[in-house]
Amino acid sequence: MSGSEKTILVRYFAMFREHAGVGEETLSLNAATAKDVFEQTRLRHGSKEPNGHCKVAINDEMADWSSPVEDGDTVLLFPPVAGG
Amino acid sequence: MSGSEKTILVRYFAMFREHAGVGEETLSLNAATAKDVFEQTRLRHGSKEPNGHCKVAINDEMADWSSPVEDGDTVLLFPPVAGG
Amino acid sequence: MIEVTSAVIDAEKQKRALCNAGAGGYCSFEGWVRNENDGRLVNRLEYEAYEPLVIAEGKKVLAEALQRFPYLEARCVHRTGLLEIGDLAVWVGVASAHRDEAFKACRYIIDELKMRLPIWKKEHYADGDSGWVNCERCAAHDQR
Amino acid sequence: MIEVTSAVIDAEKQKRALCNAGAGGYCSFEGWVRNENDGRLVNRLEYEAYEPLVIAEGKKVLAEALQRFPYLEARCVHRTGLLEIGDLAVWVGVASAHRDEAFKACRYIIDELKMRLPIWKKEHYADGDSGWVNCERCAAHDQR
């Protein structure tokens with residue numbers, strides 16, 4: 001994990017938004033990857049959802065949990081999808 | 001093959017009707033099975049279509065080529081189908 | 001329900017007749033008259049059907065599909081007469097609880113209808129010629 | 001073409017946009033809101049979508065389907081907001097020269113859309129409870 005604090009805009013959808021109580025928030029995080037962001041927001045909001053069936057996007061591009069996050073990024077946290 | 005003459009109403013469809021020049025005709029045939037009826041009408045109208053992909057019905061029930069025909073039956077001769 | 005008609009098929013009306021509060025998936029197939037067959041330009045098609053046996057055999061097909069892929073509702077309509085490019089010749093609709101049965105039943109129905117129903121199609125070509133179309137699948141069907 | 005809308009989906013209008021003189025087969029799938037899920041009575045559903053990525057991911061799915069099952073035309077529309085029993089939630093339509101590609105492409109598209117698009121569904125039950133539905137297929141998808 002990178003040692004520097006990064007400013008990340010985190011956006012929550014569906015179940016995650018209800019857990020967080022907000023649609024988005026700007027956080028200062030010590031996070032190197034999308035996974036780090038997910039886990040720190042999970043701690044923050046007391047959510048227990050594992051990331052297994054969830055998806056993540058960075059700056060409107062679908063990403064992997066191992067994708068690096070940069071200062072100023074927007075990270076979108078998607079709970080399990082259920083379209084149709 | 002039965003030796004007695006039978007009166008059979010033969011109905012022709014699609015290509016068969018065009019070959020026969022009529023939609024139906026009543027024939028006196030020396031025929032035991034649907035196959036016999038088919039072959040005798042084929043001779044009569046000079047058609048060369050084999051029965052392989054054709055179908056036959058007797059009195060509005062789908063039948064086999066080996067199905068027996070009786071005096072007074074209606075035999076329906078169906079060329080290869082092509083619905084849809 | 002299977003129907004033969006010389007009138008334009010109203011697909012929306014047919015679909016509405018399949019409404020079922022337990023249905024989560026609906027699959028439909030439509031056969032459209034296209035402008036080409038086996039490399040020849042087609043201007044229009046003429047369909048002929050022997051209705052009593054289309055209905056009888058069509059009911060068997062719907063019952064077989066129901067046994068294999070339990071659906072909630074299914075309907076089929078086949079048109080007869082002279083049709084132009086783009087016209088709807090056959091419509092099949094299936095509604096079921098989940099999508100898997102809807103897709104599979106719909107496919108089963110149209111495949112069997114095309115092989116088994118006494119319906120014939122005459123193609124009228126751009127060059128003025130015309131010809132009855134033989135079922136491409138009959139050979140495969142006979143060998144089953 | 002993929003679209004997200006909070007308005008009622010006009011399936012007939014969508015279908016007309018697929019017209020193609022070379023098309024002989026058309027297959028469509030519709031997802032309807034049904035009155036039951038996992039044994040619980042459902043009164044209505046609420047759909048939420050993240051449109052920018054629904055569009056981006058939907059375009060990828062349509063392109064993949066085209067490569068696998070060459071079709072002539074395909075469209076998809078997904079609705080958002082509060083839907084009642086019987087309402088049309090998602091519509092997929094595919095037109096192709098022959099029916100095989102139409103069926104297979106349509107099935108591929110709806111299967112992938114359901115697994116990959118950022119769309120969520122909240123069920124409102126007859127007993128007053130409500131809950132977000134987790135994708136039944138996600139586990140299978142992750143293991144591919």
Side-chain angles (χ1 to χ4, degrees), chain C residues 10-16 18-38 41-45 72-73 83-100 102-111 113-114 121 123 133 136-137, chain D residues 10-16 18-38 41-45 72-73 83-100 102-111 113-114 121 123 133 136-137:
Chain C
D10 184 340
E12 271 296 300
K13 190 180 144 198
Q14 292 295 330
K15 184 175 78 177
R16 280 194 300 272
L18 295 178
C19 280
N20 184 308
Y26 163 78
C27 180
S28 77
F29 176 79
E30 299 187 3
W32 297 349
V33 176
R34 68 196 177 100
N35 60 3
E36 185 267 337
N37 194 25
D38 273 337
L41 278 179
V42 173
N43 276 355
R44 61 187 62 82
L45 283 185
L72 294 170
E73 313 279 347
L83 275 72
E84 305 290 328
I85 307 304
D87 281 353
L88 174 52
V90 59
W91 177 92
V92 178
V94 178
S96 58
H98 301 281
R99 70 185 180 282
D100 192 53
F103 270 103
K104 288 179 177 164
C106 188
R107 181 71 196 257
Y108 180 85
I109 291 167
I110 186 66
D111 284 357
L113 293 184
K114 282 191 175 239
K121 181 155 78 175
E123 290 176 338
V133 180
E136 42 182 335
R137 299 290 174 83
Chain D
D10 184 339
E12 270 297 297
K13 188 180 147 196
Q14 292 295 330
K15 184 175 79 175
R16 280 195 298 274
L18 296 177
C19 280
N20 184 309
Y26 163 78
C27 180
S28 77
F29 175 79
E30 299 187 2
W32 296 349
V33 176
R34 69 195 177 100
N35 61 2
E36 185 266 340
N37 193 26
D38 274 337
L41 277 179
V42 173
N43 276 354
R44 60 187 63 83
L45 283 184
L72 295 170
E73 312 279 348
L83 274 72
E84 305 289 328
I85 306 303
D87 280 353
L88 174 52
V90 58
W91 176 92
V92 178
V94 178
S96 59
H98 300 282
R99 70 185 181 282
D100 192 53
F103 270 103
K104 288 179 178 165
C106 188
R107 181 72 196 255
Y108 180 86
I109 292 167
I110 186 65
D111 284 356
L113 293 184
K114 283 192 174 237
K121 181 155 77 174
E123 289 176 338
V133 180
E136 43 181 334
R137 299 292 172 85

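As a basis for the values below, the full set of heavy atoms in this structure was taken, side chains included, without hydrogen atoms, waters or symmetry mates. All chains are named by letter (A, B, ...) in the order of the sequence lines, taking the proteins before the strands, and each is independently numbered beginning at 1.
- With respect to chain D, the highest number of heavy-atom pairs below 4.5 Å among Cys19(C), Cys106(C), Ala89(C) belongs to Cys106(C).
- Put simply, of Ile110(C), Asn20(C), Asn37(C), the one with the most heavy-atom pairs under 4.5 Å next to chain D is Ile110(C).
- Each of Ser28(D), Ala102(D), Ala11(D), Gly31(D) has some count of heavy-atom pairs under 4.5 Å with chain C, and the biggest count is that of Ser28(D).
- Both the backbone and the side chain of Glu12(C) come within contact range of chain D, judged by heavy atoms closer than 4.5 Å.
- Remark: Arg44(C) does not engage Asp87(C) in a salt bridge, criterion side-chain N to carboxylate O under 4.0 Å.
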Yes or no on side chain to side chain contact (heavy atoms under 4.5 Å, CB included) for Leu41(C) and Glu123(C), after CA distance, side-chain angles and deciding distance? CA-CA 10 Å; Leu41(C) 278 179; Glu123(C) 290 176 338; over 6 Å; no
Taking it one step at a time, do Val94(C) and Tyr26(C) satisfy side chain to side chain contact (heavy atoms under 4.5 Å, CB included)? CA-CA 6 Å; Val94(C) 178; Tyr26(C) 163 78; over 6 Å; no
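- The residues Asp10(D) and Lys15(D) are annotated as not salt-bridged, no charged nitrogen and carboxylate oxygen being separated by less than 4.0 angstrom.
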Does the side chain to side chain contact (heavy atoms under 4.5 Å, CB included) test come out yes or no for Asn35(D) and Val42(D), once each step is laid out? CA-CA 5 Å; Asn35(D) 61 2; Val42(D) 173; 5.7 Å; no
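- Ranked by heavy-atom pairs under 4.5 Å with chain C, the list Gly86(D), Gly22(D), Cys27(D), Ala23(D) is led by Ala23(D).
- Looking at Ala97(C), the atoms closer than 4.5 Å to chain D (heavy atoms on both sides) sit in the backbone and in the side chain alike.
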